[in-house]
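First up is the structure itself, then whatever we jot down about it.
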Amino acid sequence: MIRPISLGFALGLAVLASARAGAAPPNVVLIYADDLGFGDVGCNGARAALTPNVDRLAKEGLNFSDAHTTSATCTPSRYALLTGEYPWRKRGTGVLPGDARLIVTPGRTTLPGVLRAAGYRTGVVGKWHLGLGGESLDWNGEIAPGPLEVGFDESFIMAATGDRVPCVYVRGRKVVGLDPADPIEVRYDQPIKGEPTGRDNPELLRVRPSHGHDMAIVDGISRIGHMRGGKAALWKDETMADTFTREAVAFIEKNKAGPFFLYFATHDVHVPRVPHPRFVGKSGMGPRGDAIVEFDWSAGEVLKALDDNGLAGNTLVILTSDNGPVVDDGYRDAAAEKLGDHRPAGPFRGGKYSKFEGGTRVPFLVRWPGRVKAGSSTKALFSQVDLLASLAALAGAAERAANAPDSRDHLAALLGEDPVGREILIEQGGGLAVRRGHWKFIPASNGPRKNGPTNTELGNDTTPQLYDLDLAPGETRNVARDHPDVLDRLRADLPRP
Ligand code: NG6
Ligand code: CA
């Protein structure tokens with residue numbers, strides 16, 4: 001007997017097969033927010049006024065309720081996104097300092113590299129946070145290897161995060177606007193003599209840290225790491241979203257003949273949250289909410305550029321985030337006090353840094369008019385690590401994904417044609433947890449239950465935890481004792497330490 005769902009699924013596969021064989025592949029725009037939680041967007045339960053453009057994507061496309069980053073922090077998630085390899089397989093993929101060496105080995109298979117080889121023009125705009133340079137790195141000279149050595153044709157980035165030095169933009173292999181007479185010096189091991197720090201000179205600060213972030217002072221905000229010089233090249237936090245958005249739109253306009261792949265990685269809504277004055281007060285939730293409004297504006301500008309250039313119909317847009325939400329991530333920006341009834345992780349427990357679902361389950365929207373059903377939703381279990389193989393398949397270059405060890409072709413799930421997606425997913429938040437269908441297992445550990453400064457529940461417990469997410473999506477009922485067989489099975493799914 002053919003059940004309706006398998007019939008639909010079979011039809012979907014038939015359509016897919018023809019798409020793979022036939023027409024020119026679409027442009028791909030990946031809008032990648034920073035620290036944006038599942039519940040931070042209107043289509044997942046936040047107030048609609050917060051994110052009209054994200055919600056527009058939901059109305060015109062497909063909304064995932066169970067899509068994940070590989071990890072609950074930035075660097076590992078981005079490493080997996082670009083390489084198709086789970087980051088916990090490789091040492092040195094934790095949150096990187098701003099002077100770290102490039103951790104994506106040039107020459108290896110990457111998402112942009114695969115698409116470039118398939119005829120795409122590839123560009124990255126925004127947050128990088130995967131390290132730059134090889135044996136040595138001179139911020140005043142040629143900054144390489146970097147994005148251009150791992151698959152991107154064009155690059156306009158910040159090296160690490162908004163709260164880490166160096167606070168400059170890098171276009172291609174050069175710091176933008178650098179005055180050679182005022183060279184940049186960056187160090188993370190010790191302070192630079194004569195330079196004020198947040199710790200010693202709080203009177204110079206306009207945004208104060210709540211924890212950490214007490215080193216170099218750049219434009220009245222103390223950061224992680226030390227830097228001196230490069231005055232003419234320093235970014236303005238207030239115009240960062242404008243700058244990145246302008247670069248993203250310019251990339252689209254320049255490459256509109258297509259096909260192109262744009263990886264637009266915003267700084268919003270990471271700390272320090274210093275949105276442009278025109279967004280200040282717009283959310284009623286203080287700087288964190290205003291940064292969400294600013295992120296949404298950036299996404300809207302990209303959608304508008306696609307519309308204005310007649311590209312919307314032939315562009316696959318994906319909007320997602322690099323890890324779950326965090327409220328107080330180190331600056332006194334009143335994010336906790338002004339939260340009200342807003343729930344950044346939606347119905348899920350935990351957030352950034354956590355093994356609970358809030359750590360890796362993020363907003364994930366896909367729009368491709370004519371191919372992806374407007375206003376649809378899916379419960380498919382999807383991981384960003386699969387974007388490499390899935391988009392390679394889309395581009396007719398499936399074979400190029402062969403050396404991306406953990407990336408699987410789930411294009412059918414990505415387009416809403418397979419309701420299941422991944423069978424097993426490993427989630428990283430400090431240690432590892434595992435998902436199999438609606439089951440979630442977190443092994444016993446002695447780690448702290450909460451991240452002290454951010455107040456995030458980390459998911460650590462001295463006894464094993466098993467959750468049935470259909471029963472309680474918020475991981476509130478540990479059913480380990482009731483289902484020893486399920487527990488054993490999921491334990492076996494976890495990689496050996
Ligand atoms: C932490 C920072 C946090 C943030 C995070 C990385 C402190 C006290 N906290 O170490 O503010 O920068 O690293 O965030 O320094 S991520 O989104 O790039 O992973
Ligand atoms: Ca992040």
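Here the structure is a predicted model, which means the values were calculated and not measured. Each ligand, and each atom within it, is numbered from 1 in the order the structure gives.
- Shown in contact with Cys74 at under 4.0 Å from a heavy atom are these atoms of ligand 1, numbered in order with element: 16 (S), 17 (O), 18 (O), 19 (O).
- Phe244 pairs in a ring-ring contact (aromatic ring centres under 6.0 Å, His included) with only one of the listed residues (Phe264, Trp297, Phe251, Tyr169), which is Tyr169.
- Ligand 1 lies nowhere less than 4.0 angstrom from a heavy atom belonging to Gly330.
- Taking the Ca ion (ligand 2) as reference, the nearest N/O/S atom within Asp322 carries the name OD2.
- As for Asp35, its N/O/S atom nearest the Ca ion (ligand 2) is the one called OD1.
- Looking at Val271 next to ligand 1, no N or O pair under 3.5 Å apart turns up.
- In terms of polar-atom proximity, defined here as any N/O pair under 3.5 Å, Lys127 does make such a contact with ligand 1.
- A salt bridge links Asp333 with Arg273; the closest basic N to acidic carboxylate O contact falls under 4.0 Å.
- Residue Asp34 approaches the Ca ion (ligand 2) most closely through its N/O/S atom OD1.
- Between Phe261 and Tyr120, the distance separating the two ring centers is not shorter than 6.0 angstrom.
- In terms of N/O distances under 3.5 Å, ligand 1 is not approached by Thr75.
- With a cut-off of 3.0 Å, the Ca ion (ligand 2) has an N, O or S atom of Asn323 in range.
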